[in-house]
Amino acid sequence: MAANNRRMSGKKGAQVGSGGQRRRGLEGKGPTPPAEMRKGHKKNRIATAKTKQVQRWPAPRGRGGKSASEMVVGRNPVVEALREGVPATMLYVQQFIDNDERVREALQLAAERGGIHLMEAPRPELDRMTNGLNHQGLVLQVPPYEYAHPEDLSAAAYDVGEDPLVVALDGVTDPRNLGAVVRSVSAFGGHGVVVPERRAAGMTAGAWKTSAGTAARTPVARATNLTRTLEAYKKEGLVVVGLTADGEVELGDLEALAGPVVIVVGSEGKGLSRLVGETCDFRVRIPMPGGAESLNAGVAAGVVLYEAARRRG
């Protein structure tokens with residue numbers, strides 16, 4: 001009986017001198033690490049590529065930063081801004097205002113949008129808020145625009161397996177041109193717009209209106225130094241294409257538009273600045289048989305974006 005017990009205990013328990021090796025083997029190796037940490041996994045490769053991508057860029061300062069809040073003043077401008085979906089947080093209405101059709105429409109649009117607070121204020125308070133502008137009893141407060149960082153645009157394209165298609169504006173100061181470019185980028189499948197931090201148009205209410213709502217889905221990034229930003233894009237593998245009337249390459253001959261590219265558009269009067277022009281891989285001209293000397297930024301960007309979309313399609 002004792003011998004049988006020894007044989008049975010030998011089968012179920014650890015052998016003498018094993019040091020508990022079998023028991024430790026049953027304990028396992030802990031929880032499975034996330035996919036991003038498993039070497040060879042697709043998510044690990046993406047995470048590694050993103051890390052290398054970030055290392056190529058100058059350190060962002062608070063990502064792209066925010067603009068200042070803005071006031072849209074006057075009955076017609078307020079109604080148009082609400083119609084076009086310009087973001088807003090507050091609608092100020094003057095006390096004892098003459099309730100005409102525009103006032104009623106502004107109140108109705110603000111109520112339908114939701115998230116816009118209505119505030120009744122005396123005329124002296126509205127005068128103070130608007131620095132004496134002719135507000136006609138209606139003032140719409142537009143919140144600060146939150147800019148992306150230039151790196152975000154190319155990263156978003158790579159995340160969905162696409163070659164980045166980005167437009168950078170050099171010296172464009174009219175917000176309506178910026179809004180038109182945002183609209184064209186959205187229409188032709190681009191991934192965003194880059195604007196310089198200084199001496200350039202920003203995402204104001206005017207730019208929002210001209211974009212016809214596309215600014216809600218097309219990011220705008222702000223660059224502290226446009227030349228350095230373009231150089232960082234080049235290190236990442238994007239081709240920098242500058243538009244200029246005396247470009248060496250005609251638009252129809254530029255095969256680089258089929259791949260990752262940044263299209264740089266200058267101002268209508270001065271064109272590309274010297275340093276930005278020297279940074280471009282190609283200087284491209286748009287043929288104009290009609291004899292026009294130049295196109296504004298919105299039109300020029302739309303022409304090149306169409307050609308890029310055609311080549312990629």
For the hydrophobic clusters of this structure (ILVMFWY residues joined by side-chain heavy atoms under 4.5 Å, transitively), does one cluster hold both [X] and [Y]?
X	Y	value
Leu126	Val93	no
Tyr158	Val240	yes
Leu138	Met119	no
Met129	Met90	yes
Val79	Val73	no

Original post:
So Val304 and Leu251, side chain to side chain contact (heavy atoms under 4.5 Å, CB included) or not? Walk me through it.
Top reply: CA-CA 7 Å; Val304 183; Leu251 178 61; 4.0 Å; yes
Counting only N and O atoms by type, is there a donor-acceptor contact under 3.5 Å from the side chain of [X] to the main-chain atoms of [Y]?
X	Y	answer
Arg312	Gly189	no
Arg75	Gln136	yes
Tyr145	Val220	yes
Glu70	Ala205	yes
Arg285	Gly247	yes
Thr229	Asn225	yes
Asp170	Val264	no
Ser211	Trp208	yes
Tyr147	Gly202	no
Asp98	Asp100	no

Original post:
Of all residues at least two apart in sequence or in a different chain, which pass the salt bridge (Lys or Arg N to Asp or Glu O under 4.0 Å) check with Glu162?
Top reply: none
Original post:
Given the rule in the side chain to side chain contact (heavy atoms under 4.5 Å, CB included) test, do Ile116 and Gln141 qualify, once you have shown the distances and angles that lead to the verdict?
Top reply: CA-CA 9 Å; Ile116 301 178; Gln141 185 174 36; over 6 Å; no
Which atom of [X] lies closest to which atom of [Y], heavy atoms considered:
X	Y	answer
Ala81	Arg113	O-NH1, 4.4 Å
Pro219	Ala148	CB-CB, 4.4 Å
Ala106	Leu82	O-CD1, 3.5 Å

Original post:
What do the steps show when you test Tyr233 against Leu153 for side chain to side chain contact (heavy atoms under 4.5 Å, CB included), and what is the final call?
Top reply: CA-CA 10 Å; Tyr233 274 136; Leu153 309 186; 4.0 Å; yes
[X] atom [atom1]: more than 12 heavy-atom contacts under 6.0 Å:
X	atom1	result
Arg183	CZ	no
Glu112	CD	yes
Glu255	CD	no

**OP:** Starting from the C-alpha separation in whole Å, work towards a yes-or-no answer on side chain to side chain contact (heavy atoms under 4.5 Å, CB included) for Leu165 and Leu257.
**Re:** CA-CA 9 Å; Leu165 177 58; Leu257 289 175; 5.7 Å; no
Original post:
Quick one: CE on Met203 to CG on Leu178, what's the gap to the nearest 0.5 Å?
Top reply: 5.5 Å
**OP:** Scan for salt bridge (Lys or Arg N to Asp or Glu O under 4.0 Å) pairs involving residues 201-221, sequence neighbours excluded, and state none if there are none.
**Re:**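 For residues 201-221, and leaving out neighbouring residues, the salt bridge (Lys or Arg N to Asp or Glu O under 4.0 Å) pairs sorted by first residue read Glu80-Lys209.
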Subject >> Residue list, side chain to side chain donor-acceptor pair (under 3.5 Å) with Arg104, at least two apart or on another chain >> reply: none
Original post:
Can Lys235 and Glu231 be counted as an ion pair, charged N to O under 4.0 angstrom?
Top reply: no
Original post:
Are Glu151 and Glu236 side-chain neighbours, meaning at least one heavy-atom pair lies under 4.5 Å?
Top reply: no
